[in-house]
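Predicted model, so just to flag it, every value in this text is computed and none were measured. Residue numbers start from 1 in every chain, and the chains themselves are labelled A, B, ... in the order their sequence lines are given, proteins ahead of strands.
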2 protein chains.
Amino acid sequence: MNRIRHGFCEDQYTRGEPVLCDPIEMPFVGLVLCGALREDVRDAQGERRLFALTFAGELLSPLGPQRIGGQLSALEETVLLTCDRTGFDALVADIPHLRLNLLHLLQGQIAATHRWQTLLGRKSASERVASMLAWFHARHGGKDKLLLPVNRAELGQMSGLTLETVSRQIHALKKAGVIAVPQPTHIHVLDADALHALTGDAPARRAA
Amino acid sequence: MNRIRHGFCEDQYTRGEPVLCDPIEMPFVGLVLCGALREDVRDAQGERRLFALTFAGELLSPLGPQRIGGQLSALEETVLLTCDRTGFDALVADIPHLRLNLLHLLQGQIAATHRWQTLLGRKSASERVASMLAWFHARHGGKDKLLLPVNRAELGQMSGLTLETVSRQIHALKKAGVIAVPQPTHIHVLDADALHALTGDAPARRAA
DNA sequence: CGGCAAGTTGAGCGGACTCAATGCATGTGG
DNA sequence: CCACATGCATTGAGTCCGCTCAACTTGCCG
């Protein structure tokens, strides 16, 4: 167990606090135990824009945030379990059972990237907003009540839309009865199937 | 040297020939020695669309093509050096330094993905076309003459535009004197700096 | 010559953006 | 408590970019 624990580190962050990505002692894998992280990137004009969110229970790839100037910070009270290179190697050596396989992790990251690429390249505004909400919904375990951790402008930054368009599309979903919006940041998913249908993605394959 | 060579394989493909990605004996890393590969994905409607190109001298990540239904095929006479899991493991065991190279490879893939995400999310049609041409130009070593391996429709599939818009933007670049187009698939880059300026990317950092 | 595929060009439309005004909470000081 | 400021969200009006649809050109191969 010592070897397994060695190289692990559990850190707590408060709302807005940046997550240090020391290039020397770079964390190798990170697991968000509770809370949520945001990743900002700088665009061509040097502006910071929201790029991605990481929710509780999700993994940070060794190559995700440390890419081109990505800046991680906590959206709320967040506990992050990081595992450096040594710890990760020990873990993989001791517990092959854990499919905490680096390749599977990276594959998941690439799959997520592909979904974003499809969203940004081919989807309409309504499909983009529906997709984002559906993803948040799924990533929160399918619970009906969603608490959006970001405002309309930041939703727009992620999805390549303006804040006004995001607002209009959320309004359209509300009017269609797919969601309820008691407060701007509180979303109730009333019809998850309809929401998924509006994402423009292929329907989930049913068991034969 | 024997152990290092073990698990490597050099294959030749003709134009249009699919590259097999056997899940059992999945190639782990691939290097395009000459020629070019295309990667197609299926969209929500089940249509095949061009997703990415890999030129000579470039690497295929172990997670790139084997992702969600990606289909690799040769665009022309292509020689692909592949290295399966066994070979790669042997290589890593013998040369621990190489593991770093795998991370660098993946990092490069992620950087490329980020560029596409920026292109699809934030760029105008003219910037998208300029970016694609500038990338092809850079990836071909900065030679003035470019031979586009795909048609207008496929350029549009990669960049999220229609073939008509691609055609119009190429025409605009030609009229601006940035490129010359003796034939539809032959592009001469007349002013690489102007082309880069039109990509909408931040200017390359000059040495102070 | 005809037929086909790829490319170009034009006309018109519509969706998303821009700009601007308004609503609606929350906070803050008199 | 009220008046005011502030930040976020919503809503409206107008514009423009890129798409759709269609006609036409160009090059290639039979």
Side-chain angles (χ1 to χ4, degrees), chain A residues 15-16 38 43 45 47-50 75-76 119-133 146-176 179-188 198-200, chain B residues 15-16 38 43 45 47-50 75-76 119-133 146-176 179-188 198-200:
Chain A
R15 178 181 177 79
R38 58 180 291 164
D43 61 15
Q45 287 76 37
E47 302 291 321
R48 270 184 70 159
R49 344 181 328 258
L50 179 56
L75 274 166
E76 53 199 58
L119 183 148
L120 294 170
R122 317 277 310 171
K123 288 190 179 182
S124 67
S126 59
E127 290 171 336
R128 294 184 198 197
V129 172
S131 295
M132 278 197 298
L133 293 181
L146 272 182
L147 185 58
L148 296 183
V150 291
N151 62 24
R152 301 288 186 267
E154 290 164 323
L155 287 176
Q157 288 171 5
M158 282 193 291
S159 58
L161 300 169
T162 61
L163 64 94
E164 295 95 333
T165 299
V166 172
S167 176
R168 279 184 255 261
Q169 297 305 330
I170 288 180
H171 178 75
L173 289 172
K174 185 174 66 175
K175 208 168 60 177
I179 60 174
V181 189
Q183 296 177 37
T185 57
H186 290 62
I187 305 286
H188 289 198
L198 292 170
T199 62
Chain B
R15 176 181 178 79
R38 60 180 290 164
D43 62 15
Q45 287 76 38
E47 302 291 321
R48 270 185 71 160
R49 342 181 329 256
L50 179 57
L75 274 166
E76 54 199 58
L119 183 148
L120 294 169
R122 318 274 314 168
K123 288 189 179 182
S124 67
S126 58
E127 290 171 335
R128 294 184 197 198
V129 173
S131 295
M132 277 197 298
L133 293 181
L146 273 182
L147 185 57
L148 295 183
V150 292
N151 62 25
R152 301 288 187 266
E154 291 164 325
L155 288 175
Q157 288 170 6
M158 281 193 291
S159 58
L161 299 169
T162 59
L163 64 94
E164 296 95 332
T165 299
V166 172
S167 176
R168 277 185 257 264
Q169 297 304 331
I170 288 180
H171 179 74
L173 289 172
K174 185 174 67 175
K175 207 167 60 177
I179 60 174
V181 189
Q183 297 175 38
T185 58
H186 289 63
I187 304 287
H188 290 198
L198 291 170
T199 61

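- A donor-acceptor pair under 3.5 Å links the side-chain atoms of B:Q157 to the main chain of B:L50, judged by distance alone.
- Remark: B:T162 is not in phosphate contact with D:dG18, judged by side-chain N or O atoms under 4.0 Å from OP1 or OP2.
- For residues 179-188 of chain B, no residue pair satisfies the salt bridge (charged side-chain N to carboxylate O under 4.0 Å, His left out) rule, not counting sequence neighbours.
- For B:R38, the salt bridge (Lys or Arg N to Asp or Glu O under 4.0 Å) test picks out B:D40, B:E154, with sequence neighbours left out.
- A:H171 is linked by a side-chain contact (heavy atoms from CB on, under 4.5 Å) to A:K174, A:K175, counting only residues two or more places apart in sequence or in another chain.
- Every residue meeting the side-chain contact (heavy atoms from CB on, under 4.5 Å) condition with A:L198, not counting sequence neighbours, appears here in chain and number order: A:A130, A:L173, A:V178.
- From the 5' end on, the contacts that DNA chain C makes with chain A at under 4.0 Å to a non-hydrogen atom open and close at C:dA16 to C:dA20.
- No contact: A:G156 has no heavy atom under 4.0 Å from any strand.
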Which nucleotides of nucleotides 23-30 of chain D have their base under 4.0 Å from a protein heavy atom (B), which only their sugar-phosphate (S), and which neither (-), written as one string 5' to 3'?
-> --------
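- A distance-only check finds a donor-acceptor pair linking the side chain of B:R128 to the backbone of B:L120 [under 3.5 Å].
- Atom CZ of B:R128 is separated from atom C1' of D:dC19 by 12 Å (rounded to the nearest Å).
- Note on the helix from C:dC1-D:dG30 to C:dG30-D:dC1: terminal axis deviation equals 20°, with five pairs used at each end and the result rounded to 10°.
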For residues 163-170 of chain A, which side-chain N or O atoms pair as donor and acceptor with protein atoms under 3.5 Å away, sequence neighbours left out?
unit_1, atom_1, unit_2, atom_2, d
A:T165, OG1, A:T162, OG1, 3.0

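- Between B:K123 and B:S131 the shortest heavy-atom distance is NZ-OG, 2.7 Å.
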Going 5' to 3' along nucleotides 6-16 of chain D, which nucleotides have protein heavy atoms under 4.0 Å from the base (write B), which only from the sugar-phosphate (write S), and which from neither (write -)?
-> --SSBBBB---
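- Using a 4.5 Å cut-off on side-chain heavy atoms (C-beta onward), B:L148 and B:L133 make contact.
- Nearest heavy atoms, A:R49 versus A:D43: CD-OD2, 3.6 Å.
- Partners of B:Q183 according to the side-chain contact (heavy atoms from CB on, under 4.5 Å) rule, which considers only residues two or more places apart in sequence or in another chain, are B:H186.
- Taking 4.5 Å as the limit, some side-chain heavy atom of A:M132 sits within range of a side-chain heavy atom of A:L155.
- Residues forming a side-chain hydrogen bond (donor to acceptor under 3.5 Å, both in side chains) with A:R15 (at least two apart in sequence, or on another chain): none.
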